[in-house]
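Here's the structure we're looking at; comments come further down.
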Amino acid sequence: MIKLYRVKIPSIVIFPESKKTNNVSVYMVYFLSVEIFFLFTLAVLVRYSLLRHRYFLHMAQLNGYKSNEFWVWIKHNWSKDIVPFEYYFIYIILALHLLGYKYVTLTTHTLILSFAVLFWFISIKRYRQKQKKTLSFTPRMLRQTITSVALTLPVLVWGFTTAFSIQSEFIHPTFLLSSIAATGFLAPFYILLAGIINKPLENSIQNGFKKQASKKVKQFSDLKVIGITGSYGKTSTKFMIRDLLNERFSVLATPGSYNTPMGICKVINQDLTQGHQVLVLEMGARYKGNIQELCEIAPPNISVVTNVGKAHLETFGSQQAIAETKAELVQHMASGGVSFLNANDLLVLGMSRVTTSQIITAGIDTGDYQATDIRYDQNGCSFTVITPEEQAIDISMPLLGAHNVQNMVLAIALAHYMGLRLETIALAAKRMQPIEHRLELKRQNDILIIDDAFNSNPVGAKNAVEILAKFTGGKRIIITPGMVELGDREFEENELLGREIGKYDLEKVLFVGKKRSEPLVKGYLAAGGAPENMVVVSSLFEANELIKPLLTAGDIILYENDLPDSYNE
């Protein structure tokens, strides 16, 4: 046990004021109990500070270790997570003690502090929220953790040395508690500063991985590199291309949403072998120059641009800036390459002006390759593809949405260009597996679920609502928190989504988030949506609990978007 109070009584440590009585045995139990209570309080505060530190490390990781984006997240969540109300109260109590310590006994003060800490810090719900992407202690995260912990040491050392030295008779609880509370309070700033301190080292390490990956790609002279970019649909199109080309080639594609320099380097350095004939890379961007950086690692022989939308307006500022960045893929291809462009997107078509490479367009009812006569049912959708040679082939796939048709016709155009027969393409499309959380069809007993929970966007959300509205035979239910990461247009775009939902006579509409659902509600009601069919809930869990007793066989539920892990209302 930590000896908070050094009094020479055998096998017991008590408060100095206990010396005022001769009945030591009576006070021994009392003051020992107080000390144990204080140590429990200390443990509670340590646990709270550690979990808070872990939580902010996770948020830094979810923001890509980028100090500027993490700082934006900190400012956005200032009042809720960065400076929660409990820290105001605990430091007010500590300050009052320092001002009036002469008038309150140490025992009384310790008990007040302990009860305050237990009241405000024993709950850790805020920092134990379930996340889609768990914290991964990668080598980079370990380096950031070690640096941030090192930054906490001066405060801890100050608190402990002051607590032990301020008076000769006892260890002062005020400084002990305040130093531990301070490390938890300052955790996001320690982590932010750790990222800045580590940046030169991380840049050096990353440059080494990039050089290794670039050198490896150059060694495989017969390897075809396919680069895919766009505001939406990159991952879906990548998997479609992979599945079609697997019918004839040995294909390596980046998994999931691996679309950053380090994600691409990891796949190339660890997984690429001499046996691979095609490398399919998804290329993401949040800032100008990001795509060019990826092309320098692995220059594409074939480029695919799905669209230019409104994703990441917070970092780009305008759609034109997004288009210029996406065009970097077309500009920085290997010589003799070919580009596949979305024929339905004028900003994408405009990219043909920045390259001398061959251009092939694909779209719905327009382009060199055209998808026509789109039909939906509970197994997915069907459509007809017409080639530049005016061949026609019927395609069926277990996917929903006009945007998925658009992505698929791009993949079909590329596969056909690389020599696959249309009949082979049609068979591969029918066997294609739904992509997780992207208009994925699921069944739970007799209930049909449309899972579109991954990173909703204005185009995809509109398509998803239209698809839900076309179903018949059961109650049509939508659960959505709207969209995020749309910058200054976020309120307007969510209001438009609310209007889109309000256009259809859906049987049940659940908006998630009391505050963020305001534009959704406004748009829904403005479009004539029935107020009695609408409910605003605080969480996805609450939404699911609410609809459970209402469900009957044949009902359809659309889950439109799931907020990013780093987002808090």
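Positions are given from 1 along the sequence.
Shown here is F209, whose CZ atom has no more than 12 heavy atoms of other residues, nucleotides or ligands within 6.0 Å. Residue K503 qualifies as enclosed at atom NZ: its count of foreign heavy atoms under 6.0 Å is above 12. Atom NZ of K224 has 12 or fewer neighbouring heavy atoms from other residues, nucleotides or ligands inside a 6.0 Å radius. Counting heavy-atom neighbours within 6.0 Å of K442 NZ, excluding the residue itself, gives a total above 12. Atom CZ of R353 sits in a sparse spot, with 12 or fewer heavy atoms from other residues, nucleotides or ligands closer than 6.0 Å. Within 6.0 Å of CZ in F220 there are more than 12 heavy atoms belonging to other residues, nucleotides or ligands.
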- Task: Could you check E466 against E500 for side-chain contact (heavy atoms from CB on, under 4.5 Å), going step by step and ending with a plain yes or no?
- Result: CA-CA 8 Å; E466 288 177 353; E500 189 68 23; 3.8 Å; yes
- Query: Checking side-chain contact (heavy atoms from CB on, under 4.5 Å) for the pair M141/L135: CA distance, chi angles, key distance, verdict?
  - Reply: CA-CA 9 Å; M141 174 51 65; L135 174 63; 3.9 Å; yes
- Can you list the steps and then say if E296 with K210 is a salt bridge (charged side-chain N to carboxylate O under 4.0 Å, His left out)? CA-CA 9 Å; E296 289 170 354; K210 291 176 189 176; over 6 Å; no
- Item | Worked verdict on F511 versus V537 for side-chain contact (heavy atoms from CB on, under 4.5 Å) | CA-CA 6 Å; F511 294 133; V537 295; over 6 Å; no
- Message: Quick one, T306 with Q406, criterion side chain to side chain donor-acceptor pair (under 3.5 Å). Give me CA distance, side-chain angles, the key distance, then yes/no.
- Response: CA-CA 8 Å; T306 60; Q406 170 61 56; over 6 Å; no
- Go through S236 and N407 one step at a time and tell me if the side chain to side chain donor-acceptor pair (under 3.5 Å) criterion holds. CA-CA 7 Å; S236 299; N407 295 337; 4.6 Å; no
- Query: Between T361 and D368, does a side chain to side chain donor-acceptor pair (under 3.5 Å) hold up when you go through it step by step?
  - Reply: CA-CA 5 Å; T361 61; D368 299 321; 3.2 Å; yes
- Query: Should H416 and E389 be marked as a side-chain contact (heavy atoms from CB on, under 4.5 Å) after you check the CA-CA gap, both sets of side-chain angles, and the distance that decides it?
  - Reply: CA-CA 12 Å; H416 194 227; E389 299 79 25; 3.9 Å; yes
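Contact check on E518 versus K522 returns no salt bridge, with no Lys/Arg side-chain nitrogen under 4.0 Å from an Asp/Glu carboxylate oxygen. Here E492 pairs with R489 in a salt bridge; the nearest charged N to carboxylate O distance falls below 4.0 Å. Contact check on E247 versus R431 returns a salt bridge, with a Lys/Arg side-chain nitrogen under 4.0 Å from an Asp/Glu carboxylate oxygen.
Defined by atom type and a distance below 3.5 Å, a donor-acceptor pair is missing between the side-chain atoms of T480 and N561. No hydrogens or angles considered: a donor-acceptor pair under 3.5 Å links the side chains of S303 and S339. A side-chain donor-acceptor contact under 3.5 Å links T552 and K475. Side-chain contact of S318 with Q320: a donor-acceptor pair under 3.5 Å is absent, judged by distance alone. Using a 3.5 Å distance cut-off with no hydrogens or angles, the side chains of N533 and Y524 do not pair a donor with an acceptor. If you check the side chains of S136 and T138, you find no donor sitting under 3.5 Å from an acceptor. In summary, the side chains of Q277 and D222 do not present any donor paired with an acceptor at a separation below 3.5 Å, with no hydrogens or angles considered. Remark: the Y559 side chain and the E440 side chain contain no N/O donor-acceptor pair separated by less than 3.5 Å.
No donor-acceptor pair under 3.5 Å is formed between the side chain of N445 and the backbone N or O of I447. Of the possible polar contacts, one joining the R375 side chain to the D373 backbone as a donor-acceptor pair under 3.5 Å is found. Side-chain atoms of D345 come within 3.5 Å of backbone atoms of V308 as a donor-acceptor pair (strictly under, hydrogens ignored). Remark: side-chain polar atoms of N342 are not paired, donor with acceptor, to backbone N or O of V348 under 3.5 angstrom.
At a threshold of 4.5 Å between non-hydrogen side-chain atoms, the residues M333 and P299 do not count as touching. Put simply, the side chain of Q370 does not reach to within 4.5 Å of the side chain of V409, judged on heavy atoms. You'll find the side chain of I386 stays beyond 4.5 Å of the side chain of Q391, heavy atoms only. Between N301 and V225 the shortest side-chain heavy-atom distance falls below 4.5 Å. With contacts defined as side-chain heavy-atom distances shorter than 4.5 Å, the pair E560/L468 does not qualify. The closest side-chain heavy-atom distance from M418 to I226 is below 4.5 Å. Taking the side chain as every heavy atom from C-beta outward, I364 and V405 approach each other to under 4.5 Å. Side-chain contact check for Q212 versus K216: every heavy-atom pair is 4.5 Å or farther apart.
Between G337 and S357, the closest heavy-atom pair is O-CB, 3.3 Å. Scanning both residues, I479 and A543, for their nearest heavy atoms gives CG2-CB, 3.9 Å. Taking all atoms of both residues into account, the shortest heavy-atom contact from D243 to A428 is O-CB, 4.3 Å. When every heavy atom of K238 is checked against every heavy atom of I228, the shortest pair comes out as CA-CD1, 3.4 Å. When all heavy atoms of G284 and L294 are compared, the pair lying nearest together is O-CD1, 3.7 Å. The two residues A426 and I393 make their nearest non-hydrogen contact at CB-CG1, 4.1 Å.
Residue I360 forms a side-chain contact (heavy atoms from CB on, under 4.5 Å) with just one option from V338, L410, L341, and that option is V338. None of V385, I425, L244 except one satisfies the side-chain contact (heavy atoms from CB on, under 4.5 Å) rule with M408; the exception is L244.
Summarising the geometry, atom NZ belonging to K288 is positioned 12.5 Å from atom NZ belonging to K326; distances are rounded to the nearest 0.5 Å. With values rounded to the nearest 0.5 angstrom, L272 atom CG is found 9.5 Å from Q219 atom CD. Here the CG atom belonging to L414 is positioned 6.0 Å from the CG atom belonging to L245, to the nearest 0.5 angstrom. Distance OH/Y287 to OG1/T325: 11.5 Å, rounded to 0.5 Å. From Q292, atom CD reaches atom SG of C295 across 8.0 Å, with rounding to the nearest 0.5 Å. For the atom pair CE of M432 and CG of L427, the computed distance is 11.5 Å after rounding to the nearest 0.5 Å.
The ring-ring contact (aromatic ring centres under 6.0 Å, His included) check on F137 picks up nothing, with sequence neighbours excluded. Remark: H403 engages no residue in a ring-ring contact (aromatic ring centres under 6.0 Å, His included) (not counting sequence neighbours). By the side-chain hydrogen bond (donor to acceptor under 3.5 Å, both in side chains) test, R443 is found to be paired with Q378, residues two or more places apart in sequence or in another chain being considered.
Aromatic pair F340/Y369: ring centres not closer than 6.0 Å.
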